[in-house]
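Contents: one structure, followed by commentary.
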Amino acid sequence: MNPDSLTAAIAEAERFIERASAARDAFEWRKFNNITGGYWNNTNTVLSAAARRASMDLTRALADVRRPA
């Protein structure tokens with residue numbers, strides 16, 4: 001673990017949190033039946049895709065942190 005990879009991972013984590021929060025806020029709760037309940041509807045696939053990309057970038061940054069120096 002070195003300071004540069006740790007700094008990069010922190011930046012990617014913050015980016016992921018921003019994208020994931022935006023994607024979560026785009027979901028809408030819609031009821032379709034009183035008996036079975038409801039479902040989440042993703043109304044913005046662009047935000048969802050951005051969150052997935054940020055997640056993958058975070059995964060790569062964390063792998064760099066775990067890599068021996």
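We count residues from 1, following the sequence as given. Computed from a prediction, not measured in an experiment: that's the story for all the values here.
- Between the CZ atom of R19 and the CZ atom of R53 there is a distance of 8.5 Å, given to the nearest 0.5 Å.
- From I17, atom CD1 reaches atom CG of L58 across 8.5 Å, with rounding to the nearest 0.5 Å.
- Of the possible donor and acceptor atoms, none in the side chain of S55 sits under 3.5 Å from a partner among the backbone N and O of A51.
- Taking the side chain as every heavy atom from C-beta outward, R60 and M56 approach each other to under 4.5 Å.
- Salt-bridge check for R15 with E18: failed, with every basic side-chain N at 4.0 Å or more from each acidic carboxylate O.
- Shortest non-hydrogen contact noted between L47 and A23 is O-CB, 3.7 Å.
- Within the model, atoms OG1 of T7 and CD of E12 stand 12.0 Å from one another, a figure rounded to the nearest 0.5 Å.
- Interatomic distance, CG of L62 versus CZ of R67, reported as 11.5 Å (0.5 Å rounding).
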